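Working notes, beginning with the structure itself.
Predicted model, so just to flag it, every value in this text is computed and none were measured.
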There are 2 protein chains.
Amino acid sequence: MKVTMKDIAKEAQVSIATVSHVINGTKHITENKQKKIMNLIQKYNYIPNSTAKNLRQKTTKTAAMVVSSLPDSFVTEMVYGVEERAREMGYNLLLVNTNEVKDYEEETISVLHSRMIDGIILSPASSDLEYLNKYTSEDFPVVLVNRYTDLAKNTPKVTGDNFQTGYDAAFHLLKHGHKKIGMIYGVSNVSTTDERIKGYKEALKNYNLPFNESYMELGHATVAGGAAAVKSLLTRHNDISALFVLNDLMTIGAISQMKEFLLKIPEDIALIGFGDFASASIVDPPITNIVQPPATIGKTAFDVLLSKIHNPNYKKHIELPPSLIVRKSCGCV
Amino acid sequence: MKVTMKDIAKEAQVSIATVSHVINGTKHITENKQKKIMNLIQKYNYIPNSTAKNLRQKTTKTAAMVVSSLPDSFVTEMVYGVEERAREMGYNLLLVNTNEVKDYEEETISVLHSRMIDGIILSPASSDLEYLNKYTSEDFPVVLVNRYTDLAKNTPKVTGDNFQTGYDAAFHLLKHGHKKIGMIYGVSNVSTTDERIKGYKEALKNYNLPFNESYMELGHATVAGGAAAVKSLLTRHNDISALFVLNDLMTIGAISQMKEFLLKIPEDIALIGFGDFASASIVDPPITNIVQPPATIGKTAFDVLLSKIHNPNYKKHIELPPSLIVRKSCGCV
DNA sequence: TCCTTTTGGTTAATCGTTTTACCGATTTGA
DNA sequence: TCAAATCGGTAAAACGATTAACCAAAAGGA
């Protein structure tokens, strides 16, 4: 039988209000009673029922992280960052994975809202986020990470700087003389991809090279998808000398497909991947990656959520800079 | 201003009990009023406040997963499995990472308990789990995954079959003529490691070979830790012909350290790793791994939690079999 | 017709806290 | 000395649902 505040109060011969006050320090209570109550709390290992507390206080000290693809290592690292900061700040974290299905995402937000969650960090499945306004307009805090859209008004965002990411990767390849640079990506019509393509275009422009749509290849964001994309892209353009792959799993697939084609990396085709996985350095060849800091994105996102909770008008877009980790696969070391 | 059941009731000119009944189908209500209420619910997009509901019903449809190391890919995959099944069953999932610190684990369980969580899936930091009995003895459902101990009575467990894992890996190497087999592990005094060592010993016994403690090496469960462990182990025993590494990050470190030593895998030293990561197949050389199915462990764990919730006496230890994925690093293909 | 069920619905207790308003007793101030 | 302020403490109203108990009216049975 769970012990409640009432039980403590009865045994200490005080009112439950008094017990509440000593627990929360909301009123001064004589040392005598205070001691007695404290002892009983110890004795019974009593902890106030937080559901009741939440109901009364209309706050749960709980946030949720809603992601569109949990197995993705980039996402995993973000979750890691969010959880860490949440814990530090005394929040609990609900995790839900929408598996890239938008309807489920929408439903999820709705049930989380009804749970009196304090706020949500959302890594959305699509760019189709008008539905969020219904919540944000009543000051329910939502912050977007990774992907975003301007359709969601009044929503802070924290992302990697994707324009810079695309620019830096392309620039690095261009600088080393490549002129035909293929690009493989796993999702279309999301800000991450779009911005990176913009950056890529901008780099081309600075080198006075034309942009050619057909050097872009969309595939599934999986190992097999990466392989298939390379196959399709290279049969269309056998003159490609460098490749930028926007997803780590696809990078792995790309490499194995190229091995199958007996193409040498970087001699025949230079490669830059995105993200990072522990083994990037011992793969053959070690992969040059442009990386965004997912854990930092996660932590920052939680901080931003807190800001948003305390100030409903808070609304910034924080973009964290990428960095290029040069290894063998791009052919310049 | 959030709309409540009271608001709906007032506008429909019925009592709140009636509204509750139509929502939950707990009593037959005339079609007329039913329609009216439904419409209002639609109109206001009303969802019952679950905190209030939880308080009354003493159940939250929420489970928690408490892990000791979130960045670990094995753990990540388990979380993935748990989340998926939880979602399918209409549960929300709280995630907390204890970073291998036991005191925090204990505190965490305590606060989760006070949140009226329906149950916990725990991947513990240590084997020191007596403290759990305080909860399980009052029928608070806890299931252990991955690591376990018999100290926690009345607690179901779901794990990989670690004895078999150790046995199979060792047996495979022995079968191919290896006699001096080193073993590198990242955590000591946990069931996973202990059982695997037992399996390894048993395999040795079946080959009439002696067990030598000094072929075991404990290191940090990181890439750098794997490298350091190899260094230490090989300077102690330069006659080792095969290595079994119990952790995927350490495997990566081991490989790069061996490369530095100019040792060829598998010619100079055969290698079997544990777990699996997407790139295991394109690493140079591709790694032979003995794998346990983390996502399946996660899903199973949630099913077991449900069983435990519905039947407080439920108490099984489910062990899922490992499988050996043979690639180049063990020298037999 | 009269008694018993059934039906549709409401009242009010309950879940376990927090918090406002209040109260008598003591202390302070002038 | 008397009014005002402070102090330690409590009663009771929330918070927003669920649900047991109850009730009048309608329906059913003999």
Among residues at least two apart in sequence or on other chains, which ones pass ring-ring contact (aromatic ring centres under 6.0 Å, His included) with [X]?
| X | value |
| --- | --- |
| B:Tyr91 | B:Phe302 |
| A:Tyr135 | A:His113 |
| B:His28 | none |

Could you pull out all residues at least two apart from A:Lys157 that satisfy salt bridge (Lys or Arg N to Asp or Glu O under 4.0 Å)?
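None.
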Just to verify, what does B:Glu83 make a salt bridge (Lys or Arg N to Asp or Glu O under 4.0 Å) with, not counting sequence neighbours?
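Checked B:Glu83 against salt bridge (Lys or Arg N to Asp or Glu O under 4.0 Å); matches are B:Arg87.
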Can you measure B:Gln13 atom CD to C:dG8 atom C1' for me and round it to whole angstrom units?
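The answer, rounded to whole Å, is 17 Å.
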With a 4.0 angstrom cut-off to heavy atoms of chain A, pull out the first and last contacting nucleotide of DNA chain D, in 5'-to-3' order.
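That gives a stretch of D:dG8 to D:dG16.
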If the cut-off is 4.0 Å, is B:His28 near the phosphate of C:dG8, judged by side-chain N/O to OP1 or OP2?
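The answer is yes; a side-chain N or O of B:His28 sits under 4.0 Å from OP1 or OP2.
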Below the 4.0 Å mark, does C:dG8 have OP1 or OP2 next to a side-chain nitrogen or oxygen of B:Lys33?
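For B:Lys33, the contact criterion (side-chain N or O under 4.0 Å from OP1 or OP2 of C:dG8) is not met.
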So which pairs with a foot in residues 21-37 of chain B pass salt bridge (charged side-chain N to carboxylate O under 4.0 Å, His left out), sequence neighbours left out?
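Checked against salt bridge (charged side-chain N to carboxylate O under 4.0 Å, His left out) - neighbours excluded - the pairs reaching residues 21-37 of chain B are B:Glu31-B:Lys35.
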Counting only pairs under 3.5 Å, give me each side-chain donor-acceptor contact of residues 43-52 of chain B, with atom names and distances, residues two or more places apart or in other chains.
{"residue": "B:Lys43", "atom": "NZ", "partner": "B:Glu11", "partner atom": "OE2", "Å": "3.3"}
{"residue": "B:Tyr44", "atom": "OH", "partner": "B:Glu11", "partner atom": "OE1", "Å": "2.7"}
{"residue": "B:Tyr44", "atom": "OH", "partner": "B:Glu11", "partner atom": "OE2", "Å": "3.4"}
{"residue": "B:Asn49", "atom": "OD1", "partner": "B:Thr51", "partner atom": "N", "Å": "2.7"}
{"residue": "B:Asn49", "atom": "OD1", "partner": "B:Ala52", "partner atom": "N", "Å": "3.0"}
{"residue": "B:Ser50", "atom": "OG", "partner": "A:Ser114", "partner atom": "O", "Å": "3.0"}

Scan residues 298-309 of chain B for pairs that pass side chain to side chain donor-acceptor pair (under 3.5 Å), counting only residues two or more places apart or in two chains.
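Of all non-adjacent pairs touching residues 298-309 of chain B, those that pass side chain to side chain donor-acceptor pair (under 3.5 Å) are B:Glu84-B:Lys299, B:Arg85-B:Asp303, B:Asn154-B:Lys308.
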Got a sec, which pairs hit side chain to side chain donor-acceptor pair (under 3.5 Å) with one end in residues 14-23 of chain B, sequence neighbours left out?
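Pairs touching residues 14-23 of chain B that pass the test: B:Ser15-B:Thr18, B:Ser20-B:Asn24.
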Its contact letters, B for base, S for sugar-phosphate only and - for none at protein heavy atoms under 4.0 Å, make nucleotides 15-24 of chain C read BBBBB-B---
Using a 4.0 Å heavy-atom cut-off, does A:Thr30 contact any base of the nucleic acid, only the sugar-phosphate backbone, or nothing at all?
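A:Thr30: backbone/sugar contact only, no base atoms under 4.0 Å.
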To the nearest 10 degrees, what angle separates the axes at the start and end of the helix from C:dT1-D:dA30 to C:dA30-D:dT1, five pairs each?
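That helix has its two terminal axes inclined by roughly 40°.
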Would you tell me whether A:Arg115 and B:Thr62 have side-chain atoms, one donor and one acceptor, within less than 3.5 Å of each other?
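There is such a pair (donor and acceptor under 3.5 Å, judged by atom type) between the side chains of A:Arg115 and B:Thr62.
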